[in-house]
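Numbering of ligands and ligand atoms starts at 1, following listing order. Just so you know, these numbers use all the heavy atoms, side chains as well, and skip hydrogens, waters and symmetry mates.
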Amino acid sequence: MIVLGIEGTAWSLSAGVVDENNIILIENNPYIPREGGIHPREASQHHSDSIPDLISKVFSNVSPEEVDLIAFSQGPGMGPCLRIVATAARLISLKLKKPLVGVNHCLAHVEVGRWRTQAENPVVLYVSGGNTQIIARRGNYYRVFGETLDIGIGNGIDKLARHMGLKHPGGPRIEKLAESGREYHELPYVVKGMDLSFSGLVTAAQRLYDNKVRMEDVAFSFQETAFAMLTEVTERALAYLNLDEALLVGGVGANKRLQGMLRTMCKDRNAKFFCPPNELMGDNGAMIAYTGLLMYRHGYETRVEDSAVKPDFRIEDVEVRWD
Ligand code: AMP
Ligand code: MG
């Protein structure tokens, strides 16, 4: 079965084609803000301008007749962006007379991670621009055991980067700077039970920069603090749930320091650590296509009249009918 998946919950506009075993292709056309952060209207305008070309590229590599299913990211995400993708997906589905499946974006990160690693029943640390969650499966549902109480960690990193005059996305730039950090400056470490908060940490790190602390040391202190918080909560989830696998997904998961901290923590407690390749860490169409395939195989299909976008869609809302 060949599935086309379209992702566009925020900055990333991406189409992927997969079958049961392979990723056949991924085409990306991301929105990159000229200045400042992601603006929902501008991002959706970008998606709307770029999606015809993106889909044409896909269909120049895979013939439309070969595609058996159309999957799209139905939420969570920015409403204007979601609507562009949903409209395109409905149109393609009707035109090709192929079924449609609306996919939860967070579920797609988790399932593509499991598919592309050996992880079976992991505690998942999902760290992206808008989301920060610690997720594990209990029976037929994924449950969120901890999450951010304010902004996503990626959003926090991007805010700090912007404040220091660095371009969007800030993650890779902060990571690079942090490698040359020498001096740790104390920053607020905010873990409340299993939940986390990053906005005070971002403000305090911005203040360090305003007070002329070296950029490298600001980046270093920020990463050490934020990533230790994430590692602590992931470890506690492993302990509480008595699980022995951790899986890192989401755009921030590309960060080598975060990977390193989690790897050390897992080693210390005899757990296995997994992360998918970088091209599958951030938002991409292949994860939507693969999860759509899983869902369709297990009885899911979204009728056009039920395909309205869900900006607040939660992973807990989807019954997981597969192993
Ligand atoms: P996503 O929303 O999952 O596509 O992830 C996007 C977020 O990942 C943005 O906030 C980026 O700044 C962040 N990001 C990308 N690469 C890195 C990295 N190497 N280290 C930290 N954050 C990163
Ligand atoms: Mg994401």
Does atom CD of E120 have more than 12 heavy-atom neighbours, drawn from other residues, nucleotides or ligands, at distances under 6.0 Å?
-> no

Checklist entry - Does a donor on one side chain sit under 3.5 Å from an acceptor on the other, for H185 and D217? => result no

Heavy atoms from other residues, nucleotides or ligands near CG of D323 exceed 12 (cutoff 6.0 Å): no

More than 12 heavy atoms of other residues, nucleotides or ligands under 6.0 Å from CD of E35: yes or no? no

Per-atom filter on ligand 1: closer than 4.0 angstrom to a heavy atom of P169 are 11 (C), 12 (O)

Any heavy atom of D158 under 4.0 Å from ligand 1? The part involved is side chain

Taking NZ, NE, NH1 and NH2 as the nitrogens, is one of them in R257 or E224 under 4.0 Å from a carboxylate oxygen of the other?
yes

Candidates G282, G251, S14, G156; heavy atom nearest atom 16 (N) of ligand 1 found on G251

Near G154 (heavy-atom distance under 4.0 Å), the atoms of ligand 1 are 10 (O)

Under 2.8 Å: N/O/S of H109 next to the Mg ion (ligand 2) = yes

Query raised in the report: Checking R182 against F220: charged group under 6.0 Å from the ring centre and within 45 degrees of the axis?
Result: no

One finds that the ligand 1 atoms under 4.0 Å from a non-hydrogen atom of G170 are 12 (O)

If we number the atoms of ligand 1 from 1 as shown, the ones under 4.0 Å from a heavy atom of W11 are 1 (P), 2 (O), 4 (O), 6 (C)

Is a donor on one side and an acceptor on the other found under 3.5 Å between the side chain of S63 and the backbone of F59? no

Check: of G253, G77, G171, G250, min heavy-atom distance to atom 18 (C) of ligand 1 comes from G171

For OD1 in D283 and NE2 in H105, the angle at the Mg ion (ligand 2) (nearest 10°) is 90°

Can you find an N or O of V127 that's nearer than 3.5 Å to an N or O of ligand 1? no

Within the 4.5 Å heavy-atom criterion, are T264 and F273 side-chain neighbours or not? no

Inset, instruction - For H46 and N29, test the side chains for any donor-to-acceptor distance below 3.5 angstrom and give the result as yes or no. - result: yes

query = Looking at ligand 1, does any of its N/O atoms fall within less than 3.5 Å of an N/O of G129?
reply = yes

of all protein heavy atoms, closest to atom 19 (N) of ligand 1 is E175 OE1, 2.7 Å

Atom 13 (C) of ligand 1 sits nearest the protein heavy atom V252 CG2, 3.8 Å

Worksheet item: Would S12 count as a contact of ligand 1 if the rule is a heavy atom under 4.0 Å away?
Response: no

Discussion item. Is a donor from one side chain sitting under 3.5 angstrom from an acceptor on the other, for N255 and Q223?
Written reply: yes

shortest atom 20 (N) of ligand 1-to-protein heavy-atom contact is with N255 ND2, 3.0 Å

> When only distance counts, is F227 in polar contact with ligand 1, meaning an N/O pair under 3.5 Å?
Replying inline: no

